[in-house]
Amino acid sequence: MGDDVPPDHPRHDSLVTRERVVDGVERGITSRAGLVAQGRGEAFDYLLGEQTVESAARAERAAAALLLRADHPVVSVNGNVAALVPEAVGGLARAAGADVEVNLFHRTEARVERIAAHLRANGVEEVKGLTAEARIPGLDHERAKVDADGIAAADVVLVPLEDGDRAAALAATGTEEIVVDLNPLSRSARAATVPVVDNVVRAVPAMAAHARALADRPPADLDDIVARFDADAARADAERAIRSGEL
Ligand code: ATP
């Protein structure tokens, strides 16, 4: 996987990431629609210089603080995230004291089981999302399924690469969302308390590192980090970087 991409290739990281998503599809972890989402993300990432811009780095720190301050934080995992960052999801969940829940747009029980097994093989001890007996109000039956003691009971949810309808429906329940999405204009990014305009392959490890670094800070410090984060300014900064190409 990724072995055929020469290390000095200018698109090395992007091509390795793409191969991981293709591998996820071949293993029945990622849906074919996940390939389209990845391609869309690649275009935005290219324009961002395939790097974490300053405003995204601040968002990642604020996201870690918000997760640490939550009573019941959950990291939501779809097929792309499972293929791209399974170990980092576990690292972030441990550092932030968060649950991990498989939550799929194109849900099939077989795919949920395969993703759960893949996460466990990559060090995630407990995986939720298999029972999915609760529903997010305002969505059709299949797309609304969540665990009653997972996302349905969460006060903060990290939803990397979420569909706009579902992000808006979850936000409408009063749940705070951290959204990782390379498109700063997406409805998901606009529904988020903390939008992180960065590639999940960089964002999730960065949030885990911030969560470890902030773990011993007093609650007031964490609240201050969250309060000083300006979601509109962060999205506007990412949009400016993408449109201007001035990196
Ligand atoms: P919305 O409804 O929120 O406007 P959408 O439903 O059109 O968005 P999708 O087609 O589901 O969005 O695409 C998923 C989103 O995830 C895209 O905005 C894409 O830029 C983003 N994305 C894809 N791959 C990555 C990645 N590796 N890291 C971060 N974001 C990504």
Side-chain angles (χ1 to χ4, degrees), residues 55-78 81-82 85-103 119 123-137 144-162 166-181 188-198 200 203-232 234-235:
S55 53
R58 280 199 300 276
E60 284 155 6
R61 189 160 179 266
L66 188 60
L67 287 169
L68 286 168
R69 281 297 280 141
D71 291 325
H72 185 175
V74 176
V75 179
S76 175
V77 175
N78 67 11
V81 175
V85 281
E87 284 182 23
V89 162
L92 175 59
R94 282 189 295 279
D99 283 342
V100 173
E101 177 164 338
V102 181
N103 187 246
L119 290 171
V124 181
E125 277 152 33
E126 203 201 325
V127 181
K128 291 186 186 291
L130 289 102
T131 46
E133 68 280 50
R135 301 285 175 269
I136 301 171
K145 289 182 169 178
V146 287
D147 270 19
D149 65 349
I151 290 175
D155 55 346
V156 176
V157 180
L158 167 63
V159 277
L161 279 64
E162 182 56 293
R166 297 209 309 172
L170 188 59
T173 68
T175 308
E176 292 198 277
E177 287 175 273
I178 299 159
V179 167
V180 181
D181 192 325
S188 315
R190 283 188 272 135
T193 305
V194 179
V196 178
V197 185
D198 199 5
V200 281
V204 178
M207 284 187 269
H210 282 300
R212 283 189 286 270
L214 293 171
D216 297 327
R217 294 281 279 271
D221 283 12
L222 299 177
D223 289 343
D224 192 47
I225 291 168
V226 175
R228 277 189 284 120
F229 175 75
D230 183 337
D232 290 335
R235 276 193 307 268

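For the numbers below, each heavy atom of this structure counts, side chains included, while hydrogens, waters and symmetry mates do not.
Listed by first and then second residue, the side-chain hydrogen bond (donor to acceptor under 3.5 Å, both in side chains) pairs involving residues 88-101 are H72-D99 (not counting sequence neighbours).
Residues V102 and L130 fail the side-chain proximity criterion, which asks for heavy atoms closer than 4.5 Å. Within the 4.5 Å cutoff, no side-chain heavy atoms of V75 are placed close to those of V81. T173 places a side-chain heavy atom less than 4.5 Å from the side chain of P137. Counting only heavy atoms from C-beta outward, the side chains of V159 and R166 never approach each other to under 4.5 Å. Side-chain atoms of R69 and P219, non-hydrogen and from C-beta on, do get closer than 4.5 Å to each other.
For the side-chain contact (heavy atoms from CB on, under 4.5 Å) with V100, the qualifying choice from L158, L92, V89 is V89, the only one to do so.
Within a 6.0 Å sphere centred on CD of E133, heavy atoms belonging to other residues, nucleotides or ligands number more than 12.
A distance-only check finds a donor-acceptor pair linking the side chain of S188 to the backbone of E162 [under 3.5 Å]. Side chain of D147 to backbone of A132: a donor-acceptor contact under 3.5 angstrom is found.
Residues meeting the salt bridge (charged side-chain N to carboxylate O under 4.0 Å, His left out) test with R217, sequence neighbours left out: D221.
The line from OG1 of T175 to CD1 of I151 is 9.0 Å long, rounded to the nearest 0.5 Å. Here the CD1 atom belonging to I178 is positioned 4.5 Å from the CG atom belonging to L66, to the nearest 0.5 angstrom. Going from atom CZ of R212 over to atom CG of L68 covers 11.5 Å, rounded to the nearest 0.5 Å.
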